[in-house]
Amino acid sequence: MAEETKKEERSLNFLEEIIEEDLKNGKYKSIVTRFPPEPNGYLHMGHATSICLNFGLAQKYGGYTNLRFDDTNPVTEETEYVESIKEDIKWLGFQWENEHYASDYFDELYQFAVSLIKKGLAYVDDLTAEEIAEMKGTPTEPGKDSPYRNRKVEENLDLFERMKKGDFPDGTHTLRAKIDMAHTNMLMRDPLLYRIKHASHHQTGDKWCIYPMYDFAHGQSDSIENVTHSICTMEFVPHRELYDWLIEKLEIYPSHQYEFARRNLSYTVMSKRKLLQLVNEKYVDGWDDPRMPTISGMRRRGYTPESIRDFCDRVGIAKRENLTDLGLLEFCVREHLNKVALRRMVVFDPLKVVLTNYNEQPGETEMLTSENNPEEETATHRDIPFGKELYIEREDFMENPPKKFFRLAPGKMVRLKSAYIIRCDEVIKDANGHITELHCSYIPESQSGNDTSGISVKGTLHWVSLKHAITAELRLYDRLFKVEDPSKEEGDFKEYINPGSLQTIKAVYAEPALKNAKFDERYQFLRKGYFTLDKDSSTSGMIFNRTVTLKDSWKAGDSKAN
RNA sequence: UGCCUUGUAGUAUAAUGGUAGUACGACAGAUUCUGGCUCUGUAUGUCAGGGUUCGAAUCCUUGCAAGGCAACCA
């Protein structure tokens with residue numbers, strides 16, 4: 001009875017344990033989570049973790065997830081970001097139940113504030129930002145009460161209403177909770193609830209000139225939406241005490257906050273501030289530069305939503321600080337792409353091969369066939385033209401090869417993928433000793449699928465017919481930073497940018513089947529890596545982004561070292 | 001020198017008082033018409049000391065280390 005649901009017993013993470021406990025003891029019948037981005041930037045891998053967590057948990061336990069824009073600061077937030085955030089979530093494969101904005105609740109929030117004032121739990125302060133900071137004390141010293149702390153309820157009500165009406169300029173008044181200026185938790189030292197900002201809001205326009213602070217909006221919005229499990233990152237742990245205090249004093253639906261450690265990825269940076277710098281100072285091409293850890297960047301790079309979700313699953317969550325290996329993400333990308341990418345042959349750095357014993361009839365082309373993907377259950381194929389003159393990869397030939405070099409060398413044989421076995425007979429060089437072409441002979445009986453030659457070779461090379469090759473531009477991406485954790489290094493993080501993070505090859509030679517490349521297809525250029533068509537492609541030329549290289553267990557160093 | 005959080009192979013994450021496991025990575029091998037995929041094997045770990053217990057990664061205690069907290073940001 002119990003065995004049908006559990007394919008394999010995966011252990012629960014700490015949030016799943018909490019939720020299962022809550023469900024089991026009847027605290028909730030189903031759960032509600034939320035994804036609460038602030039619309040002031042693009043989503044990145046860290047957000048993807050949160051999205052997978054929040055939507056994944058709700059899915060697993062039969063609840064739902066709201067998308068809620070945490071838009072309480074009109075001066076930094078824009079509609080442009082709202083759209084990109086929604087697009088990114090959908091692309092990742094998730095659908096929210098309701099689309100909300102913290103700004104939808106401004107009226108209710110205002111009423112909450114009024115009720116707090118009436119209970120004598122909030123007051124209008126006339127102190128300046130500097131004075132408030134000064135009187136806040138330090139983590140080791142208590143703060144001092146504001147001289148306005150004990151105003152009468154009526155006076156507070158009147159002042160707060162006038163704040164709302166626009167009677168005061170920015171920064172002259174704030175609404176603060178009346179808690180304890182000597183509290184060991186700095187956030188409980190009469191935190192600000194409302195501030196005056198005569199600024200136009202992307203949703204509410206000029207209706208308001210006072211805006212609630214995060215602490216007076218987030219938990220309250222959770223409560224209004226009956227969010228059961230409000231999941232955020234560890235830096236909000238100290239906020240939980242205030243989160244609970246406000247809900248208790250307001251006597252509203254008790255949402256609960258749980259914290260997990262944000263995910264860090266090696267060889268990149270994740271803070272909005274740093275990513276913004278990379279964009280503004282032109283270290284990258286924009287928010288969707290394929291080297292960026294943004295969702296749009298990863299999408300353009302060719303990462304699939306499946307692989308990102310798989311990555312988030314495999315990494316899991318916990319509460320300790322972490323730096324996850326970028327290699328794991330790349331593994332997930334390769335694993336998925338291996339299953340879905342169409343195989344194509346592309347020569348990056350051509351070396352001409354002439355098959356001296358191959359007879360070519362004018363006007364006739366021998367067509368060979370090759371599978372699109374050996375992983376497919378039912379194989380599909382494409383045709384590839386063969387010819388007397390071919391290109392192979394220059395690095396696939398060595399005049400004086402080391403012992404374990406399985407590729408082409410004078411007198412040695414290799415197979416051309418899906419074609420014939422060839423033998424290198426002669427190396428042709430120019431006056432400078434530079435190799436210009438190879439003269440080879442092919443074994444007619446060795447044709448792929450009809451091989452009666454009895455010859456077995458160790459190496460197989462990719463190739464293209466010189467006459468039929470089409471050209472394309474390639475953008476080879478590598479990790480953005482040279483060091484594992486740029487933000488932990490001395491000095492400016494930008495000093496650690498990998499100068500070789502983008503290498504462009506203007507013209508490579510590809511088999512003609514690549515002419516029909518589509519934006520939503522993924523390709524494996526045989527023995528080279530996974531690629532996808534870039535949006536910069538035009539009718540005049542195709543441009544491919546390298547998503548990730550193939551795993552390469554052949555140590556070039558073994559041979560090149562000497 | 002206050003409060004909060006966290007310390008398990010290189011990395012990430014399990015074990016919830018009872019055999020320290022899994023994945024990625026590394027290394028070795030098999031297989032291969034991609035030096036890919038797949039398969040097999042190997043190495044590497046509980047921050048330190050003390051205590052409770054038949055038994056501690058787990059509970060207690062003292063240290064140590066890392067991170068967070070003093071924005072009218074979220």
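Source: prediction; values computed, not measured.
At whole-Å resolution of the value, CD in A/Q220 and P in B/rA74 are 13 Å apart. Protein atom CG of A/L187 is 13 Å distant from nucleotide atom P of B/rA74, rounded to whole Å. Taking atom CD of A/E241 as the reference point, atom C1' of B/rG68 lies 15 Å away to the nearest angstrom. If you measure from atom OH of A/Y214 to atom C1' of B/rC72, you get 17 Å, rounded to the nearest angstrom.
Between the P atoms of B/rC60 and B/rU38, the separation comes to 44 Å (whole Å). B/rG36 sits 13 Å from B/rA28 when the P atoms are compared, rounded to a whole Å. Taking atom C1' on both B/rA14 and B/rC24, the two are 15 Å apart, rounded to the nearest angstrom.
For the pair A/T72 and B/rC73, the criterion of a side-chain N or O lying under 4.0 Å from OP1 or OP2 is not met. In this structure, A/K197 reaches the B/rC73 phosphate: one of its side-chain N or O atoms is under 4.0 Å from OP1 or OP2.
In summary, the side chains of A/N40 and A/E38 do present a donor paired with an acceptor at a separation below 3.5 Å, with no hydrogens or angles considered. The closest side-chain donor-acceptor pair between A/H336 and A/T304 falls under 3.5 angstrom. Looking at A/S487 and A/D485, their side chains do bring a donor and an acceptor atom within 3.5 Å of each other.
Comparing A/A261 and A/G327 along RNA chain B, the residue whose closest nucleotide (by nearest heavy atom) sits nearer the 5' end is A/A261. In terms of position on RNA chain B, the residue among A/E130 and A/T184 whose nearest nucleotide sits closer to the 5' end is A/T184.
Using a 30° and 60° split on the angle between ring planes, A/Y420 and A/Y442 fall in the perpendicular class, above 60°. Using cut-offs of 30° and 60° for the angle between ring planes, the A/F348 and A/F525 rings count as perpendicular. The aromatic rings of A/F160 and A/Y194 sit perpendicular to each other, their planes meeting at more than 60°, with 30° as the lower class boundary.
With sequence neighbours left out, the salt bridge (Lys or Arg N to Asp or Glu O under 4.0 Å) criterion links A/E241 to no other residue. Scored by the side-chain contact (heavy atoms from CB on, under 4.5 Å) test, A/R527 finds A/D396, A/R407, A/L461, A/H462 as partners (sequence neighbours excluded). Every residue meeting the ring-ring contact (aromatic ring centres under 6.0 Å, His included) condition with A/Y391, not counting sequence neighbours, appears here in chain and number order: A/Y509. Partners of A/P191 under the side-chain contact (heavy atoms from CB on, under 4.5 Å) rule, at least two apart in sequence or in another chain, are A/A177, A/I179, A/L242. By the side-chain contact (heavy atoms from CB on, under 4.5 Å) test, A/T233 is found to be paired with A/E235, A/F236, A/F260, A/R262, residues two or more places apart in sequence or in another chain being considered. In this structure, A/D244 has no salt bridge (Lys or Arg N to Asp or Glu O under 4.0 Å) partners at least two apart in sequence or on a different chain.
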Problem - Protein-to-nucleotide contact annotation, 5' to 3' order, nucleotides 30-43 of chain B [B base; S sugar-phosphate only; - none; under 4.0 Å, heavy atom] - result: ---BBBBS------
Check: residues 453-460 of chain A side-chain donor-acceptor pairs under 3.5 Å, at least two apart:
{"residue": "A/S453", "atom": "OG", "partner": "A/D451", "partner atom": "OD1", "Å": "2.7"}
{"residue": "A/S453", "atom": "OG", "partner": "A/I455", "partner atom": "N", "Å": "3.1"}

With the criterion being N/O to N/O and under 3.5 Å, what pairs connect the protein with nucleotides 62-65 of chain B, and how long is each?
none

Scan nucleotides 5-12 of chain B against the protein and return all N/O pairs shorter than 3.5 Å with their distances rounded to 0.1 Å.
{"residue": "B/rU8", "atom": "OP2", "partner": "A/R320", "partner atom": "NE", "Å": "3.2"}
{"residue": "B/rU8", "atom": "OP2", "partner": "A/R320", "partner atom": "NH1", "Å": "2.4"}
{"residue": "B/rU8", "atom": "O4", "partner": "A/R320", "partner atom": "NH2", "Å": "3.2"}
{"residue": "B/rU11", "atom": "O3'", "partner": "A/L323", "partner atom": "O", "Å": "3.1"}
{"residue": "B/rU11", "atom": "O2'", "partner": "A/L323", "partner atom": "O", "Å": "3.1"}
{"residue": "B/rU11", "atom": "O2'", "partner": "A/D325", "partner atom": "N", "Å": "3.4"}
{"residue": "B/rA12", "atom": "OP1", "partner": "A/L323", "partner atom": "N", "Å": "2.8"}
{"residue": "B/rA12", "atom": "O2'", "partner": "A/V315", "partner atom": "O", "Å": "3.0"}

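Looking at heavy-atom distances under 4.0 Å, A/H239 makes contact with a base.
Ranking B/rC3, B/rA74, B/rC72 by closeness to the A/I132 side chain, first place goes to B/rC72.
A distance of 6.0 Å or more separates the ring centres of A/Y81 and A/H202.
For CD of A/E80, the number of neighbouring non-hydrogen atoms (other residues, nucleotides, ligands) closer than 6.0 Å is greater than 12. Residue A/K60 qualifies as enclosed at atom NZ: its count of foreign heavy atoms under 6.0 Å is above 12.
Both key distances under 3.5 Å define a Watson-Crick or G-U pair, and stretches of 3 or more such consecutive pairs in RNA chain B run B:2-7 with B:64-69, B:10-13 with B:21-24, B:26-30 with B:38-42, B:47-51 with B:59-63.
Heavy-atom distances under 4.0 Å link RNA chain B to A/G171, A/T174 of residues 163-179 of chain A, given in residue order.
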